[in-house]
Undergrad: 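Here it is: the structure, laid out below.
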Amino acid sequence: MQHYDVIVVGGGHAGCEAAAAGARIGMRVALVSRSAGDIGMLSCNPAIGGLGKGHLIREIDAFDGLIGRVGDAAALQFRLLNRSKGPAVQGPRAQVDRRRYRAAMASAIAAEANIVVVAAEVTGLTTSGRNVTGVETTVGRLRAAAVVVTTGTFLAATLHHGRATSHGGRVGEAPATALATAIAALGLPRGRFKTGTPPRLDGRTIDWGSLDLQFGDADPTTLSDAAVAASPPHLACGMTRTTAASHAIVRAHLADTPTYGGDVVGRGPRYCPSLEDKVVRFGDRDGHNIFLEPEGFDDATIYPNGISTALPPPVQAALVATIPGLERASIVQPGYAVEYDYVDPRALTPALMVRGRPGLFLAGQINGTTGYEEAAGQGLIAGINAARFAGGDEPIHLDRATSYLGVMIDDLTTLGVSEPYRMFTSRAEFRLSLRIDNAGERLTPRGIDAGVVGRDRAARFAAAQAKRDAVRTLLGTLAATPAAVARGGVAVNQDGVVRSAGDWLAHPAVDWTIASRVWPELAAVDPATAAVVAVDARYGVYLARQAGEIAAFRADEALRLADGIAFDRIPGVSPEMAERLDAARPAMFGAAVRVAGVTPGALTSLLAHARRAA
Amino acid sequence: MRAPIGDGSPYGVASPAAPERPTPTIYALATGAPPAAIAIVRVSGPRAIAALRALTAGDLPAARRMTRVRLVEPTTHDPLDDALAVVFPAPASVTGDDLVELHLHGGVAVVDGVLAALGGLGLTAAGPGAFTRRAFDNGKVDLGQVEAFGDLVAAETGTQRRAALSRTGSRLAERVAAWRAALIGVRSDVEATLDFADEDHVAPDLTPSDRVILSALLVELASARADADRAGRLRDGIVVAITGPVNAGKSTLLNALARRDAAMVSPLPGTTRDTIEVRVVLAGVPVTLIDTAGLRESDDALEVEGIRRGRARAASADLVIAMGSEPAVPSAIWVEGKSDLGPCGAGWRDGALHLSAMTGDGVEMLERELIARVGSLTSGEAPLVAHRWQAAAIVDAVVAIESAIGAGDAVVAAEELRVATHSLARLVGRVSSDDILDGIFARFCIGK
């Protein structure tokens, strides 16, 4: 029998980050995947990042994680979304080459000496008392102090092509049935979700000449902040729309789809709806956008983002022919829906460990999320905490004020999910403080403490931080009158008050270029340092206010609720309130505040109880 | 949770044999001091019903039905009273706990005996507000309602009573819910521009209709804010300052209005060195009349201080009666006293009310004028909010919404609107980001 510190089940986004994080901390990790060739597969669209998601990528990157680096290595084009909006909501996104992504991920995993890839199917979990101590596989039993399960959509999965159903977690691949049984045997609360994918097209049969093209940015913002400057790759995406004829076909065949035909019980994401859902819910719309995304440099396959469908394959062909530019396009692989089991994430601690099952961690779509970035982020945290568990250390806990990672984990473990969970910037109440430009500053020190940040990144971080500190000091010492600032070429109120450079940068009209004219020494500051310092100055007033809110929030968060707390025995907590709290099992008083439907009165009583217990 | 049914309790709730939740069971005399015709004792908490059973030696009335019971001392079985009892099982009671009301004969010995028996059962004598606190803890009332109950109990006049009573219901919660819904709609629009920038059919930043909604909201909030002032006047009364030069007859007028000798009245200038206050009730509203020291130059240090205080009081008064000269403040009531010394008698002439406080001539006309003015300061729909913390929350929301309207950056607008939502939530409850996303998805087709 093989012994490891950490076993990671699954080689998708969550599994790869979990394994790599454990390995960086210095643990011996077994990454168990049915086939070594499945590692780093992109099952859905060939793009990484976006709004909210780009933030997660930068935060994973701040912990020296893989997804940003690997995405950059495979990029076809880069776009910074929300360029016209404030810096707090800008997110990097990359179209990637599917094959290059998989190859880059495989080599990143191979480069970690501490990871052993085991090609096998996991058929069960081994336990000792309540502790999970390893896994049963098709190649024998593996033991470890901690097990991270990242089975994605494979748990008890069903594929739907029209009304035809088959067992499978991804087209051509069997579901994880034995493992689903083992998870069920642990008595974890489960639910069922649905997701889908569009038909893949042969790009050589698309009339590109009739379509608008979307190119990447000329000055790319990469996914990882470590990416070396290179000439940006630029494969274009095409843009088209569905037509009234497309919608008529969908309407005529709704009964042939698994959702409207009644085969699917699982709920799908509202923000990544199938074309069927769009037509039913937004019947008044005459068309829906489609982005034609190339799957690779040497791959003619096109991913038509926006027409996820589980119509019967012949109907899909008719549907595609109604779309401008796709009249003669041939389908390489039909779209389909997949239905799968997820575990109610309220069964997890904020460390992503199953409550009452020491050693068992869950990450990724199994926890009811959707998206590569969400999965990778959970994988990172579960991997770090599995390694810390194996090493006898306390888990790391990222709260909502630190990061989108913290927001996601708190949302999942406190509120649970009612549809596949996706990140949005609006989920973060401290959004102005949680930006891509300061992800390293927020999180890399935490990563260094946890031992998950490699030497290179740690050194680069220390150098960058020293530069930021120096510039911030400089901004506090440089000062100017309104007249001097006006000579920099901008109209400001001539109130005669001398202000610091930092205060002047909070003025909407004063950007770094203007400031560099007023104070020539600022012109020498490198763009990355200038960007983060300028944004901090620009949002200074709001950041200060949020800092106050964060302090109040942290005071609540600091009040830990005992793991086995009996909510029904706390004076002033009614049975109904106790039931709600019991379902969420908040670990902190602050998390209890966020449990839906708990009255201020019950919270007052809980607060008094927590303070007494503290 | 609660003990299972089967302990002999007709309500299937906790009995003395069941595991005791540490929630205390509280009791208190709910009516005024005995002796009185009847006295009501309330018992609330997990052991309330068990306590009644102990006092009735086993008999329990049906839930929510007033029933005649014989109360005895639990250990000695000494008779205490022939009384009426009502049982309100949790959670359908005013406190949310099991609640028992005992309607006793209001004699001192009866009440003392029953209270002593309850204490002897190990129950806790309730402190002030303890029953309302239980209702708040159980989510039966919000903080605004708790304060309204306090105001209701303290109400001295019919107008105060109506104002307080209107706030004990869910009217504020409903209005705040409507304001919140409007704000969340706008926030959904703004968040959609931030989170779904690459989608079609997402409008830029604050749309014109969002601006209209926010402006309308500002108007409503301003009126609610004014409510707080109005409610404050209703609760604490209106302050009317009588100002004027020395020896204009201010104290005499005050006495005439108060119909008693509140101020020392003398014909010598400068008798009133400090302010004198008298409370009267006009049109159901308590009114504090203030007689200020005569407004004249003086080198008497004490008098100078009196004048300074008088001016400060008059400046913060809700209403001013200016005697002896045309007032600088147009809203003041201009009164010329000592009409008995002139040829024309009492009455309104050239904007001034001529009266004689000495003879009482014209004082009734002033009272009518005061009642009209007091009415306009306090009338209107019953106020929605009444307390300073509520007014502060509304002001915070107003400032944030105004900043959002003026913001040049959608992220900053979104931040201000978030603050506004939280300020409104402070009036009643809380808000989660899921509300915003629900708003977005209900109205947009988001595909990517």
Side-chain angles (χ1 to χ4, degrees), chain A residues 50-52 79 81-89 241 270-273 275 278 281-282 285 287-291 305-306 407 411 415 418 424-429 431-432 508 538-539 542 545-546 568-579 593-594 596 598-602 604-605, chain B residues 1-2 19 21-24 45-46 90-91 96-97 133-143 187-188 190-201 204-205 407-416 418-419 422 428-430 432-434 436-438 440-442 444-448:
Chain A
L51 298 174
R79 292 189 69 222
L81 304 188
N82 266 353
R83 243 175 213 285
S84 63
K85 312 281 179 191
V89 292
R241 278 171 82 77
R270 283 178 298 181
Y271 31 75
C272 190
L275 185 58
K278 289 183 189 179
R281 277 199 252 143
F282 303 96
R285 295 277 307 276
H288 297 276
N289 278 355
I290 302 170
F291 290 84
N305 197 338
V407 169
D411 281 348
L415 304 177
S418 56
F424 296 102
T425 69
S426 53
R427 293 196 192 274
E429 53 271 62
R431 176 164 61 190
L432 292 176
R538 175 168 169 189
Y539 289 145
Y542 300 97
R545 186 164 73 189
Q546 287 206 337
D568 57 320
R569 307 211 30 110
I570 296 171
V573 176
S574 69
E576 295 89 328
M577 296 298 124
E579 214 168 282
V593 172
R594 295 186 289 279
V598 178
T599 62
T604 312
S605 305
Chain B
M1 301 287 153
R2 300 289 185 147
R21 291 209 305 158
T23 304
D97 292 329
R133 173 60 207 266
R134 293 298 309 145
F136 174 70
D137 283 350
N138 284 326
K140 286 274 169 181
V141 291
D142 65 33
L143 221 46
R187 287 183 67 192
S188 301
V190 176
E191 295 296 347
T193 71
L194 296 175
D195 266 337
F196 303 97
D198 280 10
E199 303 295 334
D200 50 348
H201 288 254
D205 296 7
D409 177 341
V411 184
V412 170
E415 167 68 8
E416 294 289 6
R418 182 183 72 83
V419 170
H422 280 267
V428 279
R430 287 174 294 105
S432 90
S433 64
D434 269 338
I436 310 294
L437 293 175
D438 285 343
I440 292 176
F441 297 126
F444 293 98
C445 173
I446 303 299
K448 200 159 189 176

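All of these numbers come straight from a predicted model, not from anything done at the bench. Every chain is numbered from 1, with letters handed out A, B, ... down the list of sequences.
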Undergrad: Evaluate the salt bridge (Lys or Arg N to Asp or Glu O under 4.0 Å) criterion for residues A:R538 and B:D409: first the C-alpha distance (whole Å), next the side-chain angles of each, then the deciding distance (0.1 Å), finally the verdict.
TA: CA-CA 11 Å; A:R538 175 168 169 189; B:D409 177 341; 3.0 Å; yes
Undergrad: Please determine whether salt bridge (Lys or Arg N to Asp or Glu O under 4.0 Å) holds for the pair B:E416 and A:R545, giving the CA-CA distance in whole Å, both sets of side-chain angles, and the decisive distance to 0.1 Å.
TA: CA-CA 11 Å; B:E416 294 289 6; A:R545 186 164 73 189; 3.3 Å; yes
Undergrad: Begin from the C-alpha positions of A:Y542 and B:V411 and carry the test side-chain contact (heavy atoms from CB on, under 4.5 Å) through to its verdict.
TA: CA-CA 11 Å; A:Y542 300 97; B:V411 184; over 6 Å; no
Undergrad: Between B:L194 and A:F424, is any pair of side-chain heavy atoms under 4.5 Å apart?
TA: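 They are not in contact (no side-chain heavy atoms under 4.5 Å apart), so the answer is no.
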Undergrad: Is A:Q546 close to chain B through its backbone or its side chain, or both, or neither, when contacts mean heavy atoms under 4.5 Å?
TA: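 Answer is side chain: those atoms of A:Q546 sit under 4.5 Å from chain B.
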Undergrad: So do the side chains of A:R431 and B:E415 get within less than 4.5 Å of each other, counting heavy atoms only?
TA: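 No, too far: nothing below the 4.5 Å cut-off.
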Undergrad: For B:V419, is it the side chain, the backbone, both or neither that has a heavy atom under 4.5 Å from a heavy atom of chain A?
TA: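 Contact with chain A is through the side chain of B:V419 alone.
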Undergrad: Using only atom types and a distance under 3.5 Å, with no angle test, would you say the side chain of B:D195 pairs donor to acceptor with the backbone of A:S426?
TA: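 Yes, B:D195 side chain to A:S426 backbone: donor-acceptor pair under 3.5 Å.
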